[in-house]
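What follows is a short report on a single structure.
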2 protein chains.
Amino acid sequence: MKGCLGDANAYTTSDDMELRHLRYFVAVADTLNFTKAAETLHLAQPSLTRQIQNLEEEIGVRLLNRSKKHVALTEEGRAFLIDARRMLVLVAESIQAVQRLSRGETGQLNIAYSSNFSFDLLPQTLGAFRQSHPHVALNLFDMTPAEQFRALEAHKIDLGFVGLRVSAANRHLQWACIARHKTVVVLPTKHPLARKSRIRLDDLKSMFFVGMSEKNHPGFREWLSQTCQPAGFTPRILQDADLEPALMTFVAEGLGVTLAREQIRNLPHSGVAFRPLTPPVHSDYWIAWNRDNETTALRQYIEVIKSLTGAFSNGFEKAATSV
Amino acid sequence: MKGCLGDANAYTTSDDMELRHLRYFVAVADTLNFTKAAETLHLAQPSLTRQIQNLEEEIGVRLLNRSKKHVALTEEGRAFLIDARRMLVLVAESIQAVQRLSRGETGQLNIAYSSNFSFDLLPQTLGAFRQSHPHVALNLFDMTPAEQFRALEAHKIDLGFVGLRVSAANRHLQWACIARHKTVVVLPTKHPLARKSRIRLDDLKSMFFVGMSEKNHPGFREWLSQTCQPAGFTPRILQDADLEPALMTFVAEGLGVTLAREQIRNLPHSGVAFRPLTPPVHSDYWIAWNRDNETTALRQYIEVIKSLTGAFSNGFEKAATSV
DNA sequence: AACCCTTCATAGCTTAGGGCTATTGCAGAC
DNA sequence: GTCTGCAATAGCCCTAAGCTATGAAGGGTT
């Protein structure tokens, strides 16, 4: 695969043949007339003659039989012509392919999301992007946020719908806030506070909390603390849940209350009540990707996401996208 | 396939990309280090830097991310690297293929012969050639001499075991005499002359002859006349045969006598006798090929033929091969 | 035969650009 | 901070690709 440095044979395959020679040779072979070929190449005939001579000398094989008056391909010339055409086609196609790639028209996007927190933005953005970029392959992966961060670091995915922004994360990460969700209090139905239709943060000051494990949901504790900070307390977390269903169970069993995005209501639940906060508190939803992995397709997908989110919650993404 | 002259897109696929750019790019991609890549290319680093810049500018796509200190491939770079390697491999392989072709190691040989005149030289030469040139494809075609001449003219075959040399033929033909056969008189068994064990040409002066049709065996009449000329007569041909079996039948039926190579005895015959001439008369056996079609493989096959024929009948081929 | 036309090869000049050296500028490492 | 490693830039040189002019050799025409 590499340079074949030590190989004596590789040396015979002359290193100063160039595509120019192939282009010229094909032109001559097409017309079997140096003068006409030179014209179509916008070239003087002696230059062409010389280059073809160089080519033949280079590979050590006579490709053309020139009798004054008639030019004909030799057997070798016929064989080489086929290959020369193939090479030129391959060159042109490769360039076009890479250009399409750089325009975001082709490529792959590996996207991770958390199924536990299904929200309708993902399919919506995928649909819109697929329409404008039909030749980009979209590969979806269901991962916990922690898995997403690892996959981002290992370059296994290009974009993660991670939810919470993590301050301590890999500094190569790029972030964008794509939604702002209402935060709700999750508490047992038989909890005294459940009788109130709206709950103040302050009401939660002395409560025990159930949290999401750092192992699966990095940033949850930090987010919870920051959310409660305006009320002047730090939530005391008694128990961690690995996944959202466990969180619901723990709350139902009275191990504590918690805060979550209002989408958590979509999860199946029993014995659990949801109450809005008053005044309302919002939680930003973030996506993350690798700064050094900014494919055009990725950038354009993020643009699609932004334009869609901007449509239903305008005004905040300017601040959000700034790192 | 051709130049795609009118196509606007073809213009974007820049015409001054060269294999050099690919070689350099692959080197850089291999090491991800301009300085080291330049070394392995026996090149100064600034030159390499410039060429890679040119390449990127040329195709309009950033292939490498250079942060001072680290060089990395972009998505586009990864894609292009694969193609670049493919192209360079194709170039090297094409050159080697055409070189093998020019050394006669590969290729095709289309060879025609006349089955009616099977003589052991053809299989013998094929066997020897196959051993020294195992990768040359040998295609055999059974044709009458006339068909061979037409096929030679149409470049459908590369070499014909035509037998008789034809003076009026295509002037692009090249000839070689590869054997000298004894000429025998073919006559009915009940013919008075059949009682003699040896016949003088002179004995045939007043006979009627059976010949081979010009349509299938061009040159036969000429050969017959020239053979009889030393005896001072021109054979009178009453009847032409299209193929050798018919010739035998005609002779057996008493339509006339004829002359032929002694190999004609190998054909099934009844009512026909063969008698040597005294003094002995010889007939040269010729092969023919196109002067403008002299593949190396063909040339080497002819060499094999000559060396084999030279082994059992030395001395005559010098004169014979001269046109 | 004389002539012209076509076409490839050669000679010699010009110049673009590929390569070189020297240097800068930046980012990590110590 | 200083040192080191490495890519980019600046500016010069010289190879070689391109040009014009000319030669030479067939083929066709008169």
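Just so it is clear, the structure is predicted and the values come from calculations on it, not from any experiment. Per chain, numbering begins at 1; letters A, B, ... match sequence-line order. Atoms considered below: every heavy atom in the structure, side chains included; atoms not considered: hydrogens, waters and symmetry mates.
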**Ion pair check, A/Arg66 and A/Glu56, cut-off under 4.0 Å** = yes
**Asked** Tell me: CG of A/Asn65 to P of C/dT7, nearest whole Å?
**Response** 18 Å
**Request:** In whole angstrom, give the distance that lies between atom CZ of A/Arg66 and atom C1' of C/dT6.
**Result:** 17 Å
**Item:** Residue pairs fulfilling salt bridge (charged side-chain N to carboxylate O under 4.0 Å, His left out) with at least one residue in residues 32-55 of chain B, sequence neighbours excluded
**Value:** none
**Item:** Spacing of A/Asp16 atom CG relative to C/dG19 atom C1', expressed in whole Å
**Value:** 14 Å
**Item:** B/Thr49 side chain near D/dA7 phosphate (N/O to OP1/OP2, under 4.0 Å)
**Value:** no
Nucleotide N/O to protein N/O under 3.5 Å, stretch nucleotides 16-21 of chain D:
residue : atom : partner : partner atom : Å
D/dA17  : OP2  : A/Gln51 : NE2          : 3.3
D/dA17  : OP2  : A/Asn54 : ND2          : 3.4
D/dA17  : O5'  : A/Gln51 : NE2          : 3.4
D/dG18  : OP1  : A/Tyr24 : OH           : 2.7
D/dC19  : OP2  : A/Ala44 : N            : 2.6
D/dC19  : OP2  : A/Ser47 : OG           : 3.0

**Request:** Select one nucleotide: of C/dT7, D/dA7, C/dC8, the one nearest the side-chain heavy atoms of B/Thr35.
**Result:** D/dA7
**Item:** Lys/Arg N to Asp/Glu carboxylate O, B/Glu93 vs A/Arg86, below 4.0 Å
**Value:** no
**Message:** Between C1' on C/dC5 and CG on A/Asn33, what's the gap in Å once rounded to a whole number?
**Reply:** 13 Å
**Asked** Can you find a pair of side-chain heavy atoms, one from A/Trp175 and one from A/Val162, that are under 4.5 Å apart?
**Response** yes
Listed pairs under 3.5 Å, donor-acceptor, residues 154-161 of chain A side chains, sequence neighbours left out:
residue  : atom : partner  : partner atom : Å
A/Asp158 : OD1  : A/Asn293 : ND2          : 2.8
A/Asp158 : OD2  : A/Asn110 : N            : 2.7

**Request:** Decide, yes or no, whether a salt bridge links A/Arg78 with A/Glu75 under the criterion of side-chain N to carboxylate O below 4.0 Å.
**Result:** yes
**Request:** Write down the distance between CG (B/Leu55) and P (D/dA8), rounded to a whole number of angstrom.
**Result:** 13 Å
**Between C1' of D/dA8 and CD1 of B/Ile52, the distance in whole Å** = 14 Å
**Nucleotide D/dA7, atom C1' - distance to CD of B/Glu39 in whole Å** = 14 Å
**Complete:** Atom NE2 of B/His70 and atom C1' of D/dA8 are separated, to the nearest Å, by 17 Å
**Message:** Checking A/Gln300 against A/Thr296: is there a side-chain donor and acceptor pair closer than 3.5 Å?
**Reply:** no
**Asked** A/Gln53 side chain N/O closer than 4.0 Å to the phosphate oxygens (OP1, OP2) of C/dT10?
**Response** yes
